[in-house]
Amino acid sequence: QVQLVESGGGSVQAGGSLRLSCVRFGPNYANLKLAWFRQAPGKEREAVAGIDDTTGSTAYADSVKGRFIISQEKDVENRLILRMDSLKPDDSAIYYCAAGHKTLRQNLLNSEEYKYWGKGTQVTVSS
């Protein structure tokens, strides 16, 4: 069973930056896709960014394009990174790391295609 553990959340003022990290434990499956989702109070969960573990191709929600970068660090641990710059109060949410098995036709930003989820890390951006 894949386990995902997020870290790096916190409180920051608008315009600031945060770096979220997600470490993946368990079976080292090949052909995974990985993503960040977020959910603010009273709102539905939404995709933030996704990455194909094999090809490195990425996808971003329009609301974060040009401000957030998703990447991986595989040298020591299987670590998924979300670099967030120019943060806005609307970015405040619980951020979740997710992993799923690749499919022939996949949408990196579709939450239904992800099987494994972390417990989340809180991000709060004040104006």
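Every value quoted in this text rests on a predicted model; they were computed, and no experiment measured them.
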From [X] [atom1] over to [Y] [atom2], what is the distance, rounded to the nearest 0.5 angstrom?
| X | Y | atom1 | atom2 | value |
| --- | --- | --- | --- | --- |
| Cys22 | Leu34 | SG | CG | 7.5 Å |
| Arg83 | Leu18 | CZ | CG | 8.5 Å |
| Gln106 | Ser57 | CD | OG | 7.0 Å |

Are His101 and Tyr116 an aromatic pair by the rule of ring centers under 6.0 Å? yes

Over all atoms of both residues, closest heavy-atom pair of [X] and [Y]:
| X | Y | result |
| --- | --- | --- |
| Ser127 | Pro89 | CB-CG, 3.9 Å |
| Lys43 | Gln39 | O-NE2, 3.1 Å |
| Ile51 | Ser71 | CD1-CA, 4.3 Å |
| Tyr60 | Phe68 | CE2-O, 3.2 Å |
| Ala93 | Ala40 | CB-N, 3.8 Å |
| Ser21 | Arg79 | OG-NH1, 2.6 Å |

Could you tell me if Asp85 and Ser17 have a donor-acceptor pair between their side chains, going purely by distance under 3.5 Å? yes

Partner of Ile70 under side-chain contact (heavy atoms from CB on, under 4.5 Å), picked from Ile81, Val48, Leu80, Val64, is Leu80

If two hydrophobic side chains count as joined below 4.5 Å and joins carry through other members, does [X] share a cluster with [Y]?
| X | Y | answer |
| --- | --- | --- |
| Ile69 | Leu20 | yes |
| Val2 | Tyr95 | no |
| Leu32 | Leu4 | yes |
| Phe37 | Val123 | no |
| Trp117 | Leu108 | yes |

Would you say [X] and [Y] make side-chain contact, with heavy atoms under 4.5 Å?
| X | Y | value |
| --- | --- | --- |
| Ile94 | Thr121 | no |
| Asp91 | Arg67 | yes |
| Glu113 | Thr103 | yes |

Salt bridge (Lys or Arg N to Asp or Glu O under 4.0 Å) for Glu73 and Arg19? Distances and angles first, verdict last. CA-CA 13 Å; Glu73 295 177 354; Arg19 183 177 183 268; 2.6 Å; yes

Quick one: does any side-chain atom of [X] pair with a main-chain N or O of [Y] as donor and acceptor, under 3.5 Å?
| X | Y | answer |
| --- | --- | --- |
| Glu6 | Tyr96 | no |
| Asn110 | Asn107 | no |
| Gln3 | Gly26 | no |
| Ser92 | Val125 | yes |

Between Asp62 and Lys65, is a salt bridge (Lys or Arg N to Asp or Glu O under 4.0 Å) present by the stated rule, with each step listed? CA-CA 5 Å; Asp62 288 342; Lys65 281 181 181 176; 3.1 Å; yes

Between Lys102 and Asp53, does a salt bridge (Lys or Arg N to Asp or Glu O under 4.0 Å) hold up when you go through it step by step? CA-CA 9 Å; Lys102 288 177 60 172; Asp53 186 45; over 6 Å; no

Assess whether salt bridge (Lys or Arg N to Asp or Glu O under 4.0 Å) is satisfied between Arg38 and Glu46, documenting all intermediate values. CA-CA 5 Å; Arg38 67 186 183 188; Glu46 63 176 356; 2.6 Å; yes

What's the verdict on side-chain contact (heavy atoms from CB on, under 4.5 Å) for Asn78 and Asn28, showing C-alpha distance, side-chain angles and the deciding distance? CA-CA 9 Å; Asn78 287 316; Asn28 192 20; 3.3 Å; yes

Kindly indicate whether a cation-pi arrangement holds for Lys33 with Tyr114, taking the cut-offs as under 6.0 Å to the six-membered ring centre and within 45° of the axis. yes

